[in-house]
Amino acid sequence: MSTYVLVHGAWHTGAELEPVAAPIRAAGHIVHLPTIRGNRPGDVKTTGLAEAIQSICDYFTEHDITDAVLMGHSYGGMVITGVADRIPARIRRLIYWNAFVPNDGECLNDMVPPHYVALFDAVSAERGDGSVVLPFPIWREVFINDADLATATRSYELLNPHPNKTFTDAIKLGTNPAEMTIAKSYINCTEDTALPHSLPWHPRLSSKLGLFRLVQVPGSHELCFSDPVRLAQAIMDAGRD
Amino acid sequence: MSTYVLVHGAWHTGAELEPVAAPIRAAGHIVHLPTIRGNRPGDVKTTGLAEAIQSICDYFTEHDITDAVLMGHSYGGMVITGVADRIPARIRRLIYWNAFVPNDGECLNDMVPPHYVALFDAVSAERGDGSVVLPFPIWREVFINDADLATATRSYELLNPHPNKTFTDAIKLGTNPAEMTIAKSYINCTEDTALPHSLPWHPRLSSKLGLFRLVQVPGSHELCFSDPVRLAQAIMDAGRD
Amino acid sequence: MSTYVLVHGAWHTGAELEPVAAPIRAAGHIVHLPTIRGNRPGDVKTTGLAEAIQSICDYFTEHDITDAVLMGHSYGGMVITGVADRIPARIRRLIYWNAFVPNDGECLNDMVPPHYVALFDAVSAERGDGSVVLPFPIWREVFINDADLATATRSYELLNPHPNKTFTDAIKLGTNPAEMTIAKSYINCTEDTALPHSLPWHPRLSSKLGLFRLVQVPGSHELCFSDPVRLAQAIMDAGRD
């Protein structure tokens, strides 16, 4: 029996991962689904990356979590990397699910194509409260390309505006991921085009982990909506010793 | 219910796609299987790319097709790109199935390895009527690598000599695919080595589409013969809104 | 009915391939599982590549094997390439399963990342008898990433120290693989990270074969332990005419 802490990506909250947690709990594990500061109802959208990371560290201490398998999805990779740097003794293994892997001094936008950075900045400037949202055609075609239109629409309606500052803040790390002694896994959904395959998640970002276990499954960036049971199995394959 | 127009690749006719059309029709859609000028019984093998494109535009007007999901396989990608440029108002979505994606001024041979161009030119020179054929060992090993020998042999016997001029003619486009506002999908068969994986279909050619939906399935370049039902499902996943 | 000769990789013997041979035999084929000199109980660990190759050539003559489908796994690719160069008339088709493909004058270490070469040299220097072993964390995370811990541990205990000289000896070939007229196939396990995906088996090494048939299956470098039945089917798909 393991303790899983699953950290969502940008625009999501922990609640969207409940259908993923269910099969993991049914297999006998404990699963936590915290929501990162900046994505909770009522949070200000000027939240930065350091506050986001601190909120998950606080979750660990508040719930006295130890020996955790800590997973981050997409932007959540920035967050779990910071958490692992700050409280390594509480973590048994890190899992990056199509997630960003930063070294000290990098921000999320350093790892995405320029046209995304331009889009985020334009949308954020227009909204004026520090938040960014995804246009639906991008969501439908390259984030959740494996689902039908009804699932794409229903899931889009669950998203919340995301604090753009968490994309532009450089992370401060004492130890880069490749030098961390915590065990590491990378889950790669093979049809994930949220990053274009010419500038891919794997092996471009995964290789920054040093020694890591690869788990691949068919699916898009939003497998949590399109096939949560398949994702749950991949998480357990990635999270076991 | 959608209207699908499936455009075959080089050496094929529409008839070879009947086993692919059957499950799509069974799901309630209309499916058209035109044969491109140059590949019909009796066609001269000096046909060029512009005539090939025009023959599919003519098919649309003759059958009064509108709101179509238009798919092209391999060389068919050259043809559907030209059709979309000429009659965009009749097309709802383009699907490229391991297909060439040209920009204005490019020919098919610009996107294949030099050893194929040399082979096509040598075979065409020997035949003398403007046509090119594929040697069986290439067909068996890199076009239909996922089938048994009986399927490889049976399908090879269905092929017709292909007009080499359609490989060397540059396409004339008013709008390149990335700038077309029509929705676009790319189906990538993951074992398709008709183009070597060092010079692959995806993401090398697919990325010329701009925003597009990726669908991947196991299979070779000739999944229409080795598993037409799986291909039909991929087409419907690629073709839905 | 075909005759298969399956040649194991470094640290293995033929015995570990028995669960792979069983379904191939059940399908009506003959399967040989020789062990390469240097990996047999009692073999000196100063064995070089030429002796390793010769031991499989000897196996062919001792058992009077002709018209063989000859497969090599990993390091076994070095060996079968040498065998095919020396006794081509006895071989119907070569299968490389996530295997090294050398040209004349290359050694195995020319095709692996520098950190592996450094590791092999350090381990070999420490052991002093010419042999090299794999640390368990590397085995578990990047060789057999698709299995549970029990399978990883059980299989690790079957491994034997491998002669490092077979990694550093340059192969002598009269004909490079791309110019060999024997039919060739490459089986690529899509989660095989024994070589990192930034420096992959396929297409980096497979493309050295010239014309070859690609077969891909999900799995790690050690699919012989994690799913021998799936591997057996891939071998038969790769080995048929």
Side-chain angles (χ1 to χ4, degrees), chain B residues 98 112-120 122-123 133-157 187-205 214 216-223 225-227 230 234, chain C residues 1-2 24 27-29 67 69 92-98 101 111 177-192 195 197-219 223 227 230-231 233-241:
Chain B
N98 287 93
V112 305
H115 70 269
Y116 271 152
V117 177
L119 173 72
F120 295 158
V123 170
V133 296
L134 270 183
F136 182 74
I138 291 179
W139 176 258
R140 201 278 164 276
E141 297 294 37
V142 301
F143 276 66
I144 191 161
N145 39 309
D146 60 344
D148 60 19
L149 182 60
T151 304
T153 303
R154 179 181 57 76
S155 56
Y156 186 73
E157 288 165 359
I187 299 174
N188 184 47
C189 289
T190 53
E191 284 71 44
D192 184 336
T193 50
L195 287 182
H197 282 186
S198 54
L199 204 68
W201 299 98
H202 170 76
R204 185 178 65 108
L205 300 181
L214 177 68
Q216 291 195 122
V217 283
S220 74
H221 194 63
E222 299 294 335
L223 189 60
F225 297 118
S226 55
D227 197 337
R230 186 193 298 157
Chain C
M1 199 217 55
S2 299
I24 302 175
H29 305 290
D67 207 31
V69 177
R92 184 178 191 82
R93 181 179 286 268
L94 293 170
I95 304 176
Y96 292 79
W97 165 37
N98 287 91
V101 181
M111 293 175 254
E179 279 71 48
M180 292 181 180
T181 55
I182 301 169
K184 288 158 260 176
S185 297
Y186 203 96
I187 299 174
N188 184 47
C189 290
T190 53
E191 283 72 44
D192 184 336
L195 287 181
H197 282 185
S198 53
L199 203 68
W201 299 99
H202 170 76
R204 186 179 63 109
L205 300 181
S206 57
S207 63
K208 295 167 79 175
L209 292 177
L211 182 68
F212 73 96
R213 182 191 307 168
L214 176 67
V215 173
Q216 292 196 121
V217 283
L223 189 60
D227 196 337
R230 186 193 299 158
L231 176 59
Q233 186 58 55
I235 292 170
M236 289 185 280
D237 289 350
R240 62 189 170 184
D241 282 345

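Order of the sequence lines sets the chain letters (A, B, ...), proteins ahead of strands, with each chain counted from 1.
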(message) Please determine whether the number of non-hydrogen atoms from other residues, nucleotides or ligands lying under 6.0 Å from atom CZ of C/Arg240 exceeds 12.
(response) yes

(message) Show every salt bridge (Lys or Arg N to Asp or Glu O under 4.0 Å) that has at least one partner inside residues 137-152 of chain B, sequence neighbours left out.
(response) B/Glu141-C/Arg93, B/Glu141-C/Arg213

(request) Can you tell which part of B/Ala147 gets under 4.5 Å to a heavy atom of chain C, answering side chain, backbone, both or neither? (result) backbone

(request) Determine the minimum heavy-atom distance between C/Pro203 and B/Ser198, stating which atoms define it. (result) CG-N, 3.8 Å

(request) With sequence neighbours left out, write down each residue that passes ring-ring contact (aromatic ring centres under 6.0 Å, His included) with B/Phe143, or none if nothing qualifies. (result) B/Trp139, B/His221

(request) Using ring-ring contact (aromatic ring centres under 6.0 Å, His included) as the criterion, list what pairs up with B/His202, not counting sequence neighbours. (result) A/His197

(request) Please name the pair of heavy atoms, one in B/Asn145 and one in C/Leu214, separated by the smallest distance, quoted to 0.1 Å. (result) ND2-O, 3.0 Å

(request) Tell me the residues of residues 187-194 of chain B whose non-hydrogen atoms fall below 4.5 Å from those of chain C, in number order. (result) B/Thr190, B/Glu191, B/Thr193

